Undergrad: 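Let me give you the structure first, and then I'll get to my questions.
As the structure is a computational prediction, the values presented were derived from the model and not from experiment.
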Amino acid sequence: MSDFGQMFKKGNANDTAVAAGVIIVIAMMLIPLPTVLLDTFQALNFMLSLIVILLVFFVRDTTDFTVFPTLLLISTLFSLGLNIASTRLILVYGSAFNGKLIKAFSTFVVGTKEPKGLVIGFIIFIILILVQIFVITKGATRVAEVAARFTLDGMVQKNMSIDSELASGAITEVEAMDKRMKLRKEVDFYAAMDGATKFISGNVKIGVFTILVDIIGGMIIGMAYHNESFDIALVNYVTLTIGDGLVTQFPSLLIAASTGLIVTRSGSDDSFGNDIIKQLSQEARIYIIAAVFLFLMSFLPGFPWYVLVPMAAISGFLGYNISRKKVAADAAKKAERTEEKQKEEAAFEIPGIEPLDPLSLELGYGLITLVDKEKGADLLERITRVRRETAVELGLIVPKIRVCDNMKLEPSEYCFKIKGVEIGKGVIRLNHYLAIDSGSIDEPIHGEKTTDPAYGLAALWISEKDREKAEQAGYVIIDPPSVIATHLTAIIKKHSSEILGRQEVKTIIDSLSNKYSAITEEIKKNLSIGEIQKVLQNLLKEQVSIRNMVVILETLTDFSSLTKNITFLTEKARQSLGRQICLQYADQDKKLNVVTINSSLEKKIIESRDEDGYSIDLDREFLSSFINAISNIFIGFKDLNKTIVILTSEPARVVVKRAIERELSNVAVISMKELTEGIDIEFLGEINFEFQNS
């Protein structure tokens with residue numbers, strides 16, 4: 001098929017038809033039209049203008065009719081083309097002109113070619129033109145200008161409101177995008193209307209100029225070329241001019257009125273007709289007062305009582321009807337409230353409580369500027385980046401973090417909460433930087449002493465002017481948004497097991513269903529969502545990434561038929577992730593630096609396990625000595641700047657970790673079965689202390 005055929009096949013017929021219509025309009029200005037075709041196009045102009053004004057009444061929102069400015073320009077161009085075409089035919093044919101629609105309009109308004117009828121018709125025509133110029137067109141133009149200005153002025157505030165709703169979690173990102181798109185359409189619409197109304201004003205002025213050309217030019221041509229007398233030429237061309245002006249200007253009047261209507265519409269969820277009925281029927285008393293006034297007016301001498309009395313009756317009936325409906329509606333609302341109250345009293349139901357946010361950030365009012373995008377703030381973007389990085393690093397899909405202000409906080413304070421409970425707090429100095437000692441400081445600098453909220457390191461708040469000096473001295477410089485983002489990262493890692501809920505686990509499993517349906521179906525038969533959640537939480541507590549969910553689920557499927565013990569299943573999952581765990585703590589040469597536990601000491605720890613095999617039952621003195629021994633050996637290797645882990649046998653790993661997790665939560669403990677090929681082991685020492693072996 002040819003490219004021309006493909007153009008129509010692909011659904012471009014509508015665009016092609018519009019383009020062809022514009023070409024026809026341009027051709028009308030250059031090529032004389034037969035009167036039949038002129039009548040057809042003028043009738044079409046009437047129909048289009050009528051459709052537009054009726055459509056405006058039914059539009060619920062201006063953004064539903066964004067094509068209106070362009071349609072207004074096309075209709076103006078069409079009207080101008082018809083005006084030029086009709087002027088050409090009137091001047092060429094004169095009294096022999098046979099345009100039915102123009103003659104019908106001129107006959108209807110003038111009525112007769114007597115001087116009296118001609119004068120009356122011309123006066124009516126002039127009034128119509130003046131009304132369009134000074135009332136409708138000028139008013140619509142002014143309203144469009146004001147609407148465009150206020151819409152543009154309010155754009156910033158509306159965008160900030162959308163950003164605030166998104167940050168607070170009131171709307172989703174998709175809803176925010178839809179709101180921004182609607183706002184952009186609204187701004188574009190009113191800006192386009194501001195310019196498009198100028199075309200209407202110009203069209204009316206050209207119409208007045210055309211009238212003068214028709215009358216003066218027509219009389220000159222009639223008397224000079226058609227040998228008509230002055231009286232006959234005046235009557236013929238004034239009559240035809242009135243008809244031509246009405247045919248052309250009446251559709252323009254409807255379009256101008258449509259412009260005024262659409263730009264004066266307020267935001268509404270209903271059509272114009274329904275809004276009128278709803279808003280004019282709010283108060284019954286006004287109709288009763290109007291009825292009394294009209295009835296009393298009918299008794300005045302000379303007033304048409306036969307008109308005023310029926311109008312008073314209609315107004316009174318409307319007032320009575322509105323009052324009756326309002327009383328019925330109030331009674332229905334009262335009955336509904338009474339019924340709801342009775343149900344509440346009978347059932348003693350506790351009202352629903354809005355669930356707390358999984359994770360939220362609350363800011364003092366002095367830190368609100370950190371989330372103001374209009375001022376270049378990027379904290380919200382950084383929070384989104386932290387969530388994305390956490391998903392990559394830990395495999396944890398962090399729920400949307402609600403950001404809000406808290407007037408109870410100090411202006412420069414912020415705090416993080418998990419399910420409404422505070423878990424982290426900090427103070428920010430705006431227009432300052434946090435300078436952290438990197439351990440290689442050449443020259444101390446002056447600043448406000450503080451502590452890094454994320455890791456508890458000693459730090460200083462310094463001003464902008466001292467930033468370069470601090471960097472040269474060896475300090476690590478962090479700006480305020482980065483301080484909060486870093487603190488958020490640390491909190492997510494530390495409390496990742498608390499953030500992971502059953503709903504998040506279900507979401508993860510459901511996301512694997514399409515590609516790994518065999519695994520997900522089998523795991524659902526063997527373990528509940530809650531049991532899988534506990535295993536994943538145990539892994540996250542020790543900073544083990546759960547991103548390799550397929551391997552974890554396969555391992556749980558293999559061993560869940562043997563036992564449902566969560567600790568046992570967690571250990572098997574760790575062993576399946578052995579390479580990942582070793583690489584997590586190994587250096588860039590894939591060397592794992594480990595310390596081991598003295599065999600006698602490890603044997604005592606294993607023998608001290610409870611019946612479940614994973615809980616330790618040792619006296620406080622022994623535990624205290626054990627923890628001190630671990631602390632001492634790690635302090636001794638502090639200068640090595642290496643990540644060191646404790647290597648134990650499989651039975652001892654969980655027991656050792658539980659024994660030290662309160663005091664030494666950052667110390668990693670791995671078992672021999674988690675070691676894999678390709679990982680070199682470097683033994684740095686042995687944990688030991690003297691104890692009484694009973």
Side-chain angles (χ1 to χ4, degrees), residues 494 538-544 559 563 565-694:
K494 184 176 181 180
N538 285 343
L539 293 173
L540 289 172
K541 279 180 183 178
E542 297 191 48
Q543 302 299 301
V544 177
F559 290 96
T563 179
N565 186 287
I566 300 301
T567 306
F568 175 82
L569 294 176
T570 303
E571 290 304 297
K572 294 304 176 184
R574 284 182 60 95
Q575 292 166 19
S576 299
L577 299 173
R579 180 174 296 277
Q580 170 190 310
I581 294 174
C582 289
L583 291 175
Q584 179 179 343
Y585 298 108
D587 57 24
Q588 58 184 5
D589 298 324
K590 295 185 179 181
K591 182 184 293 183
L592 190 64
N593 301 288
V594 305
V595 294
T596 58
I597 301 176
N598 177 270
S599 57
S600 300
L601 179 58
E602 185 172 305
K603 181 180 179 182
K604 178 174 177 61
I605 291 173
I606 294 173
E607 291 174 350
S608 69
R609 293 181 301 174
D610 282 347
E611 294 180 359
D612 64 356
Y614 299 106
S615 298
I616 194 169
D617 184 18
L618 290 170
D619 59 79
R620 292 184 178 180
E621 184 179 352
F622 179 89
L623 283 177
S624 178
S625 299
F626 180 50
I627 291 171
N628 287 334
I630 296 174
S631 299
N632 291 333
I633 198 168
F634 270 80
I635 291 173
F637 295 126
K638 184 178 180 181
D639 295 335
L640 295 178
N641 291 325
K642 295 181 178 180
T643 301
I644 303 173
V645 300
I646 298 175
L647 181 63
T648 69
S649 62
E650 181 186 9
R653 198 208 74 82
V654 178
V655 184
V656 171
K657 182 61 182 177
R658 290 184 176 177
I660 68 172
E661 63 183 352
R662 183 182 295 275
E663 287 80 5
L664 302 172
S665 59
N666 293 328
V667 175
V669 182
I670 64 175
S671 72
M672 297 292 294
K673 285 201 172 184
E674 293 170 18
L675 299 177
T676 57
E677 294 182 3
I679 302 295
D680 296 330
I681 306 299
E682 181 171 351
F683 295 94
L684 300 180
E686 184 181 76
I687 300 169
N688 192 15
F689 65 93
E690 295 183 2
F691 63 94
Q692 187 68 31
N693 196 352
S694 58

Undergrad: For Lys603, give me all partners under salt bridge (Lys or Arg N to Asp or Glu O under 4.0 Å), at least two apart in sequence or on another chain.
TA: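 Expected list: none.
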Undergrad: Quick one: does Ile605's side chain get under 4.5 Å of Phe622's, heavy atoms only?
TA: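 Heavy-atom side-chain distance check passes, below 4.5 Å.
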Undergrad: Just to verify, what does Glu542 make a salt bridge (Lys or Arg N to Asp or Glu O under 4.0 Å) with, not counting sequence neighbours?
TA: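 Partners of Glu542 by the salt bridge (Lys or Arg N to Asp or Glu O under 4.0 Å) criterion, ordered by chain and then number, come out as Arg574, Arg653.
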Undergrad: Which residue pairs pass the salt bridge (charged side-chain N to carboxylate O under 4.0 Å, His left out) test when at least one of the two sits in residues 590-599, sequence neighbours left out?
TA: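 Only Lys591-Glu682 qualify under salt bridge (charged side-chain N to carboxylate O under 4.0 Å, His left out).
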Undergrad: Roughly how far apart are Ile681 CD1 and Thr596 OG1, rounded to 0.5 Å?
TA: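 If we round to the nearest 0.5 Å, Ile681:CD1 and Thr596:OG1 are 11.5 Å apart.
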Undergrad: Assess, by modelled atom type and distance only, whether the side chains of Gln543 and Gln584 contain a donor and an acceptor separated by less than 3.5 Å.
TA: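 Absent: no donor and acceptor within the cut-off.
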Undergrad: Nearest 0.5 Å please: distance from the CD atom of Glu661 over to the NZ atom of Lys541.
TA: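 The distance works out to 7.0 Å.
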Undergrad: Check whether more than 12 heavy atoms from other residues, nucleotides or ligands sit under 6.0 Å from atom CG of Asp589, and answer yes or no.
TA: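 Yes, the 6.0 Å shell around CG holds more than 12 heavy atoms from other groups.
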Undergrad: Restricting to side-chain contact (heavy atoms from CB on, under 4.5 Å), what partner residues turn up for Ile633, sequence neighbours left out?
TA: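 Expected list: Val595, Phe637, Ile687.
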Undergrad: Is any side-chain heavy atom of Leu675 closer than 4.5 Å to a side-chain heavy atom of Leu647?
TA: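 In short, these two side chains touch, coming nearer than 4.5 Å.
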Undergrad: Does any non-hydrogen side-chain atom of Lys642 lie less than 4.5 Å from one of Asp587?
TA: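 Heavy-atom side-chain distance check fails, nothing below 4.5 Å.
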Undergrad: Can you tell me which residue among Thr567, Ile566, Asn565 is in a side-chain contact (heavy atoms from CB on, under 4.5 Å) with Thr563?
TA: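 It is Asn565, the one option of Thr567, Ile566, Asn565 that forms the side-chain contact (heavy atoms from CB on, under 4.5 Å) with Thr563.
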Undergrad: With the side chain counted from C-beta on, respond yes when Glu674 and Ser671 share a heavy-atom pair under 4.5 Å apart, and no when they do not.
TA: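 Glu674 vs Ser671: side chains touch.
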Undergrad: Return yes if some donor-acceptor pair links the side-chain N/O of Ser576 with the main-chain N/O of Lys572 below 3.5 Å, else return no.
TA: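 It does hold such a pair.
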Undergrad: Check whether any side-chain heavy atom of Val669 sits under 4.5 Å from a side-chain heavy atom of Ile660, and report yes or no.
TA: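 A side-chain contact under 4.5 Å exists here.
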Undergrad: If you compare all heavy atoms of Val544 against all heavy atoms of Gln580, which two are closest, and at what distance to 0.1 Å?
TA: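 Val544 and Gln580 have their closest heavy atoms at CG1-NE2, 3.9 Å.
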Undergrad: Between CD1 of Ile581 and OG1 of Thr676, what distance do you get to the nearest 0.5 Å?
TA: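 Going from the CD1 atom of Ile581 to the OG1 atom of Thr676 covers 10.0 Å.
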Undergrad: CG of Asn666 to OG1 of Thr643: how many Å apart, nearest 0.5 Å?
TA: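 These two atoms lie 11.0 Å from each other.
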Undergrad: Who pairs with Lys657 by salt bridge (Lys or Arg N to Asp or Glu O under 4.0 Å), at least two apart in sequence or on another chain?
TA: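 Salt bridge (Lys or Arg N to Asp or Glu O under 4.0 Å) list for Lys657, sorted by chain: empty.
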Undergrad: Is any side-chain heavy atom of Val654 closer than 4.5 Å to one of Thr570?
TA: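 Not in contact.
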Undergrad: With a 4.5 Å limit on heavy-atom distance, are the side chains of Val594 and Tyr585 in contact?
TA: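 Val594 vs Tyr585: side chains apart.
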Undergrad: Rounded to the nearest 0.5 Å, what separation is found between the CD1 atom of Ile646 and the CD1 atom of Ile630?
TA: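 Answer for the CD1-CD1 pair, Ile646 versus Ile630, is 4.0 Å.
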Undergrad: Could you tell me which non-hydrogen atom of Ala586 sits nearest to which non-hydrogen atom of Leu592, and how far apart they are?
TA: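 Scanning both residues, the minimum pair turns out to be N-CD1, 3.8 Å.
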Undergrad: Who pairs with Glu663 by side-chain contact (heavy atoms from CB on, under 4.5 Å), at least two apart in sequence or on another chain?
TA: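 If we apply the side-chain contact (heavy atoms from CB on, under 4.5 Å) test to Glu663, skipping adjacent residues, the hits are Ile627.
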